[in-house]
Each structure stands twice: as C-alpha cells, then as structure tokens.
Asker: 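Take a look at the following structure, please.
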Amino acid sequence: MRLIGIGFGNMLSADRVVALVNPDSAPIKRIVSDSRDNGTLIDATYGRRTRSVIITDSGHVVLSSVHSDTITGRLAAKGDGDGAAAQ
C-alpha cells in the first residue's frame with residue numbers, strides 16, 4: 001500500500017483514489033455538499049482554503065489545501081525518495 005501526503009501530515013492511500021479535481025465548479029461543490037450531508041466528507045484542510053477534492057473508491061470525499069497539481073505529482077511518483085510516499 002502506497003500513501004501520499006495530502007497536507008499537514010495527513011496521508012491517503014494512493015490505491016483508493018478515483019478522482020482528483022479542483023473544487024471550483026458547481027458540480028464538485030454539489031458533490032462536497034452531498035458528501036457532508038451523508039457523513040462521508042473528510043476535511044483535511046485545517047481551516048484553510050480547499051484547493052483540491054479527492055474522491056475515493058469507497059465514496060468518501062477528501063478536501064485538501066494542497067494544489068491538485070502537487071498531489072498529481074505525488075501520485076505519479078513511484079516512491080523514489082521524495083518523502084511523499086511510504087510503505
């Protein structure tokens with residue numbers, strides 16, 4: 001199992017990520033709102049601005065204050081010593 005850093009020491013299993021999207025569009029805001037109502041929202045922003053929304057295969061929605069480009073780079077890395085991936 002490979003973990004990726006999503007900010008502030010929080011980690012997420014790279015194998016569980018289905019989608020990584022920007023939070024600006026109305027459909028994504030609706031997904032976040034519905035997830036909050038259903039109790040499947042995980043807010044890992046520590047009160048900061050949401051810069052990426054991660055959707056997992058379990059239906060959970062994770063909010064992160066790290067840019068989606070940064071998380072994409074961490075997902076693409078094969079754990080080559082960047083400190084973002086752990087086993």
Side-chain angles (χ1 to χ4, degrees):
M1 175 174 71
R2 211 175 58 128
L3 298 174
I4 55 166
I6 59 169
F8 301 106
N10 297 304
M11 306 295 269
L12 182 69
S13 175
D15 300 332
R16 305 297 301 258
V17 174
V18 174
L20 174 63
V21 294
N22 290 322
D24 300 328
S25 70
I28 299 303
K29 289 179 182 178
R30 207 169 13 257
I31 288 172
V32 170
S33 177
D34 290 346
S35 178
R36 182 174 282 120
D37 293 342
N38 295 337
T40 57
L41 181 71
I42 300 170
D43 188 352
T45 62
Y46 282 73
R48 294 190 172 68
R49 180 173 178 229
T50 300
R51 294 197 171 112
S52 60
V53 176
I54 306 163
I55 301 172
T56 66
D57 61 353
S58 63
H60 287 85
V61 176
V62 182
L63 304 180
S64 175
S65 61
V66 177
H67 284 282
S68 58
D69 294 338
T70 304
I71 296 174
T72 300
R74 293 174 184 176
L75 281 169
K78 300 276 192 245
D80 37 335
D82 62 357
Q87 200 169 18

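Only a predicted model underlies this, so the values are computations on that prediction, with no experimental measurement involved.
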Asker: Is it the case that one hydrophobic cluster holds both Val61 and Ile42, taking links as side-chain heavy atoms less than 4.5 Å apart, direct or via other members?
Answerer: no
Asker: Would you tabulate the side-chain donor-acceptor contacts of residues 46-53 under 3.5 Å, counting partners in other chains and residues two or more places apart, or write 'none'?
Answerer:
| unit_1 | atom_1 | unit_2 | atom_2 | d |
| --- | --- | --- | --- | --- |
| Arg51 | NH1 | Ser65 | O | 3.4 |
| Ser52 | OG | Val66 | O | 2.8 |

Asker: Could you list all the side chain to side chain donor-acceptor pair (under 3.5 Å) pairs where at least one residue sits in residues 28-40, not counting sequence neighbours?
Answerer: Ser35-Thr40
Asker: Can you get from Val21 to Val62 by hopping between Ile, Leu, Val, Met, Phe, Trp and Tyr side chains that sit under 4.5 Å apart?
Answerer: no
Asker: Pick from Asp43, Thr45, Ile71: which one makes a side chain to side chain contact (heavy atoms under 4.5 Å, CB included) with Ser64?
Answerer: Ile71
Asker: Please tabulate, one pair per line, all N/O donor-acceptor pairs under 3.5 Å involving side-chain atoms of residues 4-17, not counting sequence neighbours.
Answerer:
| unit_1 | atom_1 | unit_2 | atom_2 | d |
| --- | --- | --- | --- | --- |
| Asn10 | ND2 | Gly7 | O | 3.0 |
| Arg16 | NE | Asp57 | OD1 | 2.6 |
| Arg16 | NE | Asp57 | OD2 | 3.2 |
| Arg16 | NH2 | Asp57 | OD1 | 3.1 |

Asker: Report whether Ile28 and Leu20 are members of the same hydrophobic cluster (ILVMFWY, side-chain heavy atoms less than 4.5 Å apart, transitive linking).
Answerer: no
Asker: Does the side chain of Pro23 reach to within under 4.5 Å of the side chain of Val32, using non-hydrogen atoms?
Answerer: no
Asker: Kindly say whether Asp24 contributes a backbone atom to a donor-acceptor pair with the side chain of Asn22 at under 3.5 angstrom?
Answerer: no
